[in-house]
Amino acid sequence: MAGTEAIHYRVECADPHAHLFAVTLTIASPAALQRVALPVWIPGSYLVREFAKNLQQLRATQGRRKVALTQLDKHSWQTDCAAGKPLVLRYEVCAYDHSVRTAWLDADRGFFNGTSLCLQVDGQTGLPHALEIVAPPTIAGRARWQCATALRPAKADAHGFGLYRADNYDELADSPVELGDFWSASFEAGGVPHRFVVAGATASFDGERLIADTRAICETQMRFWHGGKVGKRGGGKPPHDRYVFMLNAVDDGYGGLEHRHSTALICTRHDLPQRGAKKQPEGYTTLLGLISHEYFHTWNVKRLRPSEFERYDYAQENYTRLLWFFEGFTSYYDDLLLRRAGRIDDATYLKLLNKTINQVLQAPGRQVQSVAEASFDAWVKYYRQDEQTANQTISYYTKGALVALCLDLTLRREGHGTLDDVMRLLWTRSGGGPIDEAMVAAALETVGRRAFATELAQWVHGTDELPLSELLRAHGVAALDDPAQRAQALGLRVAETNGSVQVKVVLRGSAAEKAGFSAGDEWIGIELPASKGRHAQGWRLAKLDDLALYLGDAQQKATALVARDKRLLRLALTLPSGETTWRLFAQDAAKLSAWLS
């Protein structure tokens with residue numbers, strides 16, 4: 001079924017039980033000693049993931065002649081081929097990753113990104129590519145599978161299997177494919193056709209609710225970027241002419257990855273909207289926030305993007321210091337645009353913002369690393385989190401969102417514009433293309449009628465605390481200090497399972513660190529010294545909330561019994577007092593509404 005494209009991939013579900021895709025790559029006109037390579041990362045997820053580790057049985061032929069292959073490094077090969085004569089490579093890919101970043105195949109579902117299955121052809125990545133997706137044989141007792149992708153079909157059947165075309169390798173790599181017996185529905189937003197597919201949905205799933213909410217989110221975001229009635233007179237034209245949401249509902253999972261014309265999402269089944277429910281699951285709001293976040297990326301990172309990402313290098317890390325803008329500002333707008341779309345109310349929005357603020361304030365790493373440095377270090381820190389992550393780095397998602405909040409509220413307070421105006425100005429000035437930090441600063445200066453160099457130096461490139469309380473108060477929101485929960489007050493992050501308290505993180509400068517706790521400890525119990533009218537006591541600890549029962553309010557010192565590497569330790573613990581957390585509430589409804597509307 002090979003077409004006229006220079007590069008043609010044929011993908012088959014070779015063995016679902018062994019999780020194996022079979023790929024046949026035909027290069028119409030190879031160079032002599034043609035080289036091929038599999039990407040080591042996928043754009044949007046900044047970690048070298050070594051996709052070649054899943055590739056096996058690579059072989060090549062030209063006509064009837066076997067072509068020798070030489071592996072050059074961890075992800076690339078050279079073929080001993082002649083120039084000009086079609087070269088065929090065949091290989092298998094083991095697909096056993098449920099995430100949105102790689103590939104999955106079993107008897108119930110298939111999913112893949114081009115970066116996991118499709119070898120790049122050196123020197124020909126800018127040429128048209130064809131992707132042929134072969135329908136798997138019907139498995140006894142199972143419905144026939146469907147296929148969904150945002151790639152343009154050249155010749156596809158009613159179930160979506162067949163031939164698709166991409167203008168180049170970048171488009172192919174940026175177009176994931178969903179396979180299986182999934183739920184599917186289509187809708188239009190701003191004149192653009194959209195499709196939503198859901199794998200793993202339960203019988204109680206309310207698809208109509210999901211579509212109605214998603215359509216509202218899409219239309220709100222189109223109006224945000226382009227104004228007026230999108231696609232109509234007086235409004236702008238969206239940059240995309242089609243869009244596909246691909247959601248995989250699982251027992252436990254959460255995440256998303258943006259693409260130019262689609263997004264791949266994962267959530268827990270319990271977070272799906274339920275038919276007939278008087279109140280939807282709390283996690284459904286989180287799911288809508290994820291949908292909003294990934295759709296906002298259609299503009300902010302897939303088109304408006306760091307200048308370093310003008311052309312992707314799939315062979316190595318692609319560094320930028322601007323993830324605080326592209327991920328952080330997107331994280332600011334995801335929930336804000338849920339509010340403007342009428343999917344949440346003011347109280348719910350403040351609750352979500354409150355959570356973000358506390359996540360940042362409870363991370364000592366904010367005083368160690370700037371959010372610009374965190375962006376650059378994403379490859380070695382954010383995506384490789386361990387017991388010291390909270391102490392040495394800060395999330396460019398959460399702090400980036402708060403930088404956006406502070407800039408927006410500062411602009412609004414000074415009365416010359418808003419961050420909305422800045423985003424739209426950047427879109428216009430860049431033509432929806434690459435930008436750098438100087439362009440961000442220039443747009444802020446144009447809208448705000450003054451330079452924002454000081455704010456960018458302190459909030460983005462420094463570790464100064466953000467003026468959150470002051471700015472929120474000016475917009476009708478007050479922040480109260482609530483007593484911190486036990487783990488937060490102690491400076492611990494723990495897992496409480498089966499009557500055991502396992503220490504996962506010890507925060508820098510905390511009471512737990514001063515006592516000598518370490519990540520990996522099991523906190524077994526607590527000992528209290530003898531005091532007037534009371535003998536010395538020891539208690540087994542099943543959860544941290546037990547401390548209030550055993551210690552009471554007045555006790556400030558105790559001995560923690562800890563197991564570390566099978567050794568029993570006694571740690572002198574001074575219990576902190578006065579530890580607080582933020583609680584936001586609306587103080588001036590009119591000012592708050594002016595900001596959120």
Side-chain angles (χ1 to χ4, degrees), residues 300-301 304-308 319-333 336 353 356-378 381-382 392-430 434-479 582 584 591 594-596:
N300 195 40
V301 92
L304 194 70
R305 61 193 184 277
S307 57
E308 297 92 340
Y319 294 101
T320 178
R321 297 183 187 277
L322 280 173
L323 294 182
W324 59 269
F325 178 88
F326 290 100
E327 290 294 355
F329 280 39
T330 299
S331 296
Y332 172 59
Y333 277 111
L336 182 58
L353 177 59
T356 300
I357 290 173
N358 281 327
Q359 284 175 335
V360 172
L361 294 181
Q362 292 163 19
R366 77 185 189 281
Q367 299 171 327
V368 175
Q369 187 182 52
S370 74
V371 75
E373 292 170 334
S375 300
F376 196 83
D377 279 345
K381 291 189 176 180
Y382 184 80
Q392 63 183 12
T393 189
I394 189 65
S395 167
Y396 48 79
Y397 285 90
T398 53
K399 187 175 179 183
L402 297 186
V403 169
L405 168 73
C406 289
L407 288 171
D408 193 15
L409 298 188
T410 298
L411 287 163
R412 291 173 183 273
R413 183 175 62 176
E414 295 178 2
H416 300 302
T418 70
L419 193 62
D420 303 4
D421 301 319
V422 173
M423 301 300 288
R424 287 190 284 264
L425 182 59
L426 281 167
W427 179 263
T428 301
R429 284 182 173 177
S430 70
I435 64 171
D436 56 25
E437 188 174 326
M439 295 176 69
V440 175
L444 284 167
E445 184 170 355
T446 298
V447 172
R449 302 183 190 178
R450 70 168 178 86
F452 279 76
T454 299
E455 286 85 353
L456 292 175
Q458 294 176 346
W459 302 347
V460 174
H461 295 281
T463 57
D464 294 19
E465 297 288 9
L466 301 173
L468 294 166
S469 180
E470 169 196 345
L471 289 170
L472 287 168
R473 189 166 54 251
H475 291 83
V477 179
W582 276 36
L584 302 181
K591 288 182 179 180
W595 160 32
L596 298 183

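Heavy-atom basis, side chains included; hydrogens, waters and symmetry copies ignored. All of these numbers come straight from a predicted model, not from anything done at the bench.
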**Study point:** Trp582 side chain near Leu472 side chain, heavy-atom distance below 4.5 Å
**Key:** yes
Check your understanding: Between Thr428 and Arg424, does any side-chain donor sit less than 3.5 Å from a side-chain acceptor?
Key -> no
Check your understanding: In a check of side chain to side chain contact (heavy atoms under 4.5 Å, CB included) between Val422 and each of Asp420, Leu426, Leu425, which one passes?
Key -> Leu426
Review point. Taking NZ, NE, NH1 and NH2 as the nitrogens, is one of them in Glu455 or Arg450 under 4.0 Å from a carboxylate oxygen of the other?
Key: yes
Check your understanding: How long is the gap from CG on Leu468 to CG on Leu361, to the nearest 0.5 Å?
Key -> 6.5 Å
Exercise for review: Please work out which of the three classes, parallel, tilted or perpendicular, describes the rings of Trp595 and His475, given edges at 30° and 60°.
Suggested key: perpendicular
Review point. Of all heavy-atom pairs between Val360 and Lys399, which one has the smallest distance, and what is that distance?
Key: CG2-N, 3.7 Å
Review point. Should Arg321 and Glu308 count as an ion pair when the cut-off is N to O under 4.0 Å?
Key: no
Review point. Going from CG on Leu407 to OG1 on Thr418, what distance comes out if it is rounded to the nearest 0.5 angstrom?
Key: 11.5 Å
Check your understanding: Is any side-chain heavy atom of Ser370 closer than 4.5 Å to a side-chain heavy atom of Val460?
Key -> no
Review point. Does any non-hydrogen side-chain atom of Val447 lie less than 4.5 Å from one of Leu419?
Key: no
Exercise for review: To the nearest 0.5 angstrom, please state how far the CG atom of Leu471 sits from the CG atom of Asp408.
Suggested key: 10.0 Å
Check your understanding: Which residue, Lys381, Arg366, Gln369, forms the side-chain hydrogen bond (donor to acceptor under 3.5 Å, both in side chains) with Thr393?
Key -> Gln369
Exercise for review: Using a 4.5 Å cut-off on heavy atoms from C-beta on, say whether the side chain of Trp459 contacts that of Leu402.
Suggested key: no
Review point. Does the Tyr396 side chain pair with the main chain of Phe326, one donor and one acceptor, at a distance under 3.5 Å?
Key: no
Exercise for review: Determine whether Phe452 and Leu411 make a side-chain contact, defined as any pair of heavy atoms from C-beta on separated by less than 4.5 Å.
Suggested key: yes
**Study point:** Considering all heavy atoms, the nearest Met439-Pro434 contact
**Key:** SD-O, 4.2 Å
Point to revise | Check: Tyr397 ring centroid to Trp324 ring centroid under 6.0 Å | key: no
Point to revise | Any Leu336 side-chain heavy atom under 4.5 Å of Leu596 side chain | key: yes
Study note, to complete from the structure: To the nearest 0.5 Å, atom OG1 of Thr463 lies from atom CD1 of Ile394 at 10.5 Å
Point to revise | Backbone of Ser307 reached by a side-chain donor or acceptor of Asp436 within 3.5 Å | key: no
